[in-house]
Each structure stands twice: as C-alpha cells, then as structure tokens.
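Notes to accompany the following structure.
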Protein chains: 2
Amino acid sequence: MSAAFSVEPRAPATAEEEAYRHIQRALRVGRYKSGERLIPEDIAAEIGMSRMPVREAFRRLASEGLVVLRPNRGCVVAGLTLDELNETFEMRSVLEGLAVRLAMPNIGEDEIDDLERLLDRMERAGQSSSSDWVIRHQEFHGSICSLSQRPKLIHQISALHAVVEPYMRIWFDDVDKPLSAREEHATVISALRSGDARHAERVMQDHILGTAPLLAEFVTPNRTMNTGR
Amino acid sequence: MSAAFSVEPRAPATAEEEAYRHIQRALRVGRYKSGERLIPEDIAAEIGMSRMPVREAFRRLASEGLVVLRPNRGCVVAGLTLDELNETFEMRSVLEGLAVRLAMPNIGEDEIDDLERLLDRMERAGQSSSSDWVIRHQEFHGSICSLSQRPKLIHQISALHAVVEPYMRIWFDDVDKPLSAREEHATVISALRSGDARHAERVMQDHILGTAPLLAEFVTPNRTMNTGR
DNA sequence: AAAAGTATTTTTGTATCCACTTATCCAATC
DNA sequence: GATTGGATAAGTGGATACAAAAATACTTTT
C-alpha cells in the first residue's frame, strides 16, 4: 500500500504536545463523555506533568471545537446541538467535496486499489468495536483528502471529523449496520473511478450530507448543554 | 441598518483574551510583518501582564494560522506560500459559497439594502487607507455570511479571511483600484437578488477564486519562510 | 422546612522562578 | 579570510506559588 496517507507517529517534543495527544486520544475512544468536566490537575497527574501544559492543550482543543472553555469555569467536553451537528456536516460536505475535486488528477488505479483495501479494513474493524470502525472510517476519508495535496484543507476536514466522531461511534454501536455503510463508500469509490471531478465532488457531498440525519437522534435536541452545563 | 452582523465589543474577561485581541489587532493593521518574531515578554510588557497569558494567546492564534509556533523557537508571524494562498482561497470559495446558499432564504429587500450601504462604506473607506478598506471588505463578506445563521461556518470563514488580509492590504496599496472591486461585489449582490441559491453560490465561489491570482505576486513564491525563517 | 446568606473548600488565572535549549558573538585554527 | 568551536547571552518550556473567583457546605433566619 502506498504511504500516501500517514499520521506522523513522532514522539511529542513538548509536554503540551503530549497532553494534547493524550486528551485527543481519550476523546476519540470515548473515555470522556460530552458535557464532562476536564480537571487540569487530574489530567496533569495522569501524564506526570503540571497543569500548565494541559491548560495550553485545552486552548488548542477548544479552537478545534473538541472542548469548550469558559473563563473561571474550566474545560468541558463539547457536545453538539442538532443545529451544530448539521452545520458541521454542511461544512464537511463542501470541504471534502473540494478535496475530492482537487484530488482527482492524482487518482489512478493504485490509489483506487488502496482505497478498496481501506474499505475492507474498515468493514473488518466494524466486526470488533465501533471505536475501531470509526477510526478506519476516518482513515478512509482522510486517505482521499490527502490525495488533494492540500495540507490546510486536510487538517480542517480532520478537525471537523473529530467533532462528530463521538456521535458516529454511538450510532454505530446502536444500529450496528456496516452493510449500508459499505455500499455508501463503494459509491464514492466508483465516482472516483469515473474520472469526472465535479461528479465525484457532488457524490462526496451527498454522501456526507446523507450521514447527518442518521446521527440526529443521538444528539441533544437543541439549545442544551452544548457548552457543558 | 439591521444589526445582523456585529463583532462583540465586550471587555476582555481574562488576560489571555486581552492578549489575543491585542495581537490580532496588531496583525490586522499590519504592525507585525510576516516572518517577524513575536517575543512574549515584550508583548506582555506592552499590555502590562506576564508572559503566560501571551503564550496561551499564541496557541490560539497558531491554530487559526496567524502565527507559527515551533518548539523552543518561539512564535513568528505566519506568511503564506503561493500554494498556501491558493489553498486558502479554495477553502474560502466553497465555504463562503455554502454560506451564501444557506443565507438565501434569509435575504430580503432590507438585507440587500444593508449590503449596498456596506458596499458604499467600503468604497469610501478605500479613499483613505488600505487598512480601512480591507476591514470594510471583511465587513461586507462577513455580513453576507452572518445571514446564513451558522456560527461555526461564520467563524471559520472569518479565520480564513484574517490569514489573507495582510496580502489584500498590500495589494490594495499597490494597485489602488477600488473600481474593479466595486463592480465585482455588485455582481455578488445582484446574484443575491436573483433568489437562486445555487446560482449565488457559484457567483460567490467565482468571485473569491478570482481574487487569489491578484494577490499571487505579493506572496513569497513557494517553500520559503512560510514557517518563519 | 425552605430560602437566603455566610463561611469553607476547590479550582482557576496569573506571576515568578528555574532548567534547558537555541542563538549570538568572539576567538582560534586552517 | 573563511570556518569552526566554544563561551555567553537570550529565550523558551514547564513547575510552583499565590491571589481571585466559583462551587460547595453550612448556618441562620423566617
């Protein structure tokens, strides 16, 4: 498999970086639940550092929308209202659509093969845990995005994905149907095969917008605890 | 004029917030130039606080792409390579296109009138300083975006705008032609008048993508000092 | 017994301090 | 004269200390 898409597994250069990754991972596997308060001192003790780098990590996570920070009131894990969930998918749809369109010139047989392998891997992961499935799912989407060769775009999309990941996990746990998911993503691949960039863009947009309603039921209706409490 | 679009002028609740705004404003008016190193101690002294809140403000600015932070090497004002400039406009084009599409249902005669007033204001500001023009220009675009009623989308677009503002300022200073700019934006307004959301989306996309080449000459070619030095 | 006010504890925000990394400058060497 | 090496200065990252704010528990009052 070509190493087009890889997340750098470098060791953290600073404590802040370590704290950032630690919390990010914890959020990813669902260790912290939406609305939960994150106490800097506890996390610092967990990793073996002082509160300070953790605070700074909070800031970064906050501007990515993963946590909410209010003055003198600490840090809580962000939750999405229904409106915010939809908004996130709207943004992802146009950004990933763009990514697909720009990626098209860089997509050949090899890349399609890679994606099909990722699709298999995603399905296999779905057998074991929803957490694994979601991670593979992100890998699939991320792999397409990375073919666009647009670092900022890739980063932005991945940040948006991270925000909705918890809900995808819950959804996957609840309805456990990798079936429809596989077909959906196969559609995307065949759109890539067509070679028509605008067509593929539209298919990706539709695919993403189609996902939002599925998660709607797992989100707090509206105007509640989106900022924590 | 309807107060659909307003930047909250609240007093900063924390020192970090104050530092953030201070630096953001300084970047906006071009007080710090691209590639320049920001020394936390100096800025802290300027505002009358310690380095710590300034450091935290750096993190926020970094994740918005306004500065670059490297371990043990401090904070430098971000500059864009040509690729990054184009990428930023690509992202803005689809996001602002989305904003326009979603805003359409909320646009009536009153809103159009407001926008025309803003267009006038923008032109008048163009007479005095490029800095004022750029700010009014952002106000115009921001006003349209805010009609979409999508907070996260609005914030994201405004962050992308902030990154290219310095180059728009330089461009405006160099070629000083509010003429073409006015026509361009009038086109956007008439697209809004059409009531066709998809059409308006496309017009906005084209308007934004058309801007990128104008700024290309003011950007460091490629692969140079995008991270500082 | 409920409500309001008060005291206590917890937690946050900021300043200061120390260790370590990076940059600068100067001299010695080729 | 240019280059390398090393001393010195400057700056960064992180920990601790302290003050202010918020949350909590506890009275007191009605």
Side-chain angles (χ1 to χ4, degrees), chain A residues 8 10-24 26-27 32-63 66-79 224-229, chain B residues 8 10-24 26-27 32-63 66-79 224-229:
Chain A
E8 71 284 2
R10 283 197 314 274
T14 65
E16 185 274 341
E17 180 76 20
E18 193 182 344
Y20 174 78
R21 294 196 199 175
H22 177 91
I23 301 168
Q24 201 180 42
L27 287 168
Y32 302 135
K33 293 165 212 87
S34 165
E36 181 176 344
R37 191 165 175 183
L38 296 184
I39 287 114
E41 213 144 33
D42 294 354
I43 296 174
E46 234 172 89
I47 329 182
M49 63 179 67
S50 84
R51 299 176 329 167
M52 205 52 79
V54 178
R55 270 178 63 100
E56 295 184 21
F58 282 171
R59 293 246 182 254
R60 230 186 334 156
L61 294 162
S63 66
L66 294 174
V67 302
V68 175
L69 232 43
R70 281 187 306 170
N72 287 316
R73 304 204 149 197
C75 175
V76 297
V77 179
T224 319
M225 80 173 253
N226 59 324
T227 58
R229 70 181 51 179
Chain B
E8 71 286 359
R10 283 196 314 273
T14 65
E16 185 274 342
E17 179 75 21
E18 193 182 344
Y20 175 78
R21 294 196 199 174
H22 177 92
I23 301 168
Q24 200 181 43
L27 288 168
Y32 302 135
K33 294 166 210 87
S34 165
E36 181 178 345
R37 190 165 176 182
L38 296 184
I39 288 114
E41 211 145 33
D42 294 353
I43 296 174
E46 233 173 272
I47 330 181
M49 64 180 66
S50 84
R51 297 175 353 193
M52 205 54 83
V54 177
R55 274 173 57 114
E56 295 185 20
F58 282 171
R59 293 247 180 252
R60 221 170 1 140
L61 294 162
S63 65
L66 294 174
V67 302
V68 175
L69 232 41
R70 281 188 306 171
N72 288 316
R73 304 201 149 197
C75 175
V76 297
V77 179
T224 319
M225 81 173 253
N226 60 323
T227 58
R229 72 180 48 180

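Letters A, B, ... mirror the listed sequences (proteins, then strands); counts begin at 1. Here the structure is a predicted model, which is why all the values come from computation and not from measurement.
- Residues Arg59(A) and Leu69(A) form a side-chain contact, since some pair of their non-hydrogen atoms from C-beta on lies under 4.5 Å apart.
- The side chain to side chain donor-acceptor pair (under 3.5 Å) search around Arg51(B) returns none, not counting sequence neighbours.
- One atom, CG of Leu69(A), and another, C1' of dT11(C), lie 13 Å apart when rounded to the nearest Å.
- Residues of residues 46-57 of chain A that place a heavy atom closer than 4.0 Å to DNA chain D, in numerical order, are Met49(A), Ser50(A), Arg51(A), Met52(A), Pro53(A).
- With DNA chain D read from its 5' end, the first of the two nearest nucleotides for Pro71(A) and Cys75(B) is the one closest to Cys75(B).
- Looking at the side chain of Arg37(B), the nearest of the listed nucleotides dA21(D), dT14(C), dA23(C) is dA23(C).
- Between Arg73(A) and the phosphate of dA23(D), there is a side-chain N or O to OP1/OP2 separation shorter than 4.0 Å.
- Summarising the geometry, the separation between CD1 on Ile43(B) and P on dT12(D) is reported as 10 Å, rounded to the nearest angstrom.
- Among the protein residues, Glu41(B) comes within range of no part of the nucleic acid, since none of its heavy atoms lies under 4.0 Å from any strand.
- Applying the side chain to side chain donor-acceptor pair (under 3.5 Å) rule to Gln24(A) yields the partners Tyr20(A); only residues at least two apart in sequence or on another chain are considered.
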Using a cut-off of under 3.5 Å, enumerate the N/O to N/O pairs linking the protein to nucleotides 5-10 of chain C.
none

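- Under the side chain to side chain donor-acceptor pair (under 3.5 Å) criterion, Glu18(B) pairs with no residue, sequence neighbours left out.
- More than 12 heavy atoms of other residues, nucleotides or ligands shown are found within 6.0 angstrom of CD on Glu46(A).
- With rounding to the nearest 0.5 angstrom, the CD1 atom of Ile23(B) is 6.5 Å from the OH atom of Tyr32(B).
- Glu17(A) has a carboxylate O that lies under 4.0 Å from a charged side-chain N of Arg21(A), or vice versa, which qualifies the two as a salt bridge.
- With Leu38(A) as reference, Val67(A) is the one residue of Val67(A), Val54(A), Leu61(A) to meet the side chain to side chain contact (heavy atoms under 4.5 Å, CB included) rule.
- Atom CG in Asn72(B) sits about 13 Å away from atom C1' in dA10(D), given to the nearest Å.
- Between Ile39(A) atom CD1 and dT24(D) atom P the separation is 11 Å, expressed in whole Å.
- Residues satisfying the side chain to side chain donor-acceptor pair (under 3.5 Å) criterion with Thr14(B), sequence neighbours excluded, are absent altogether.
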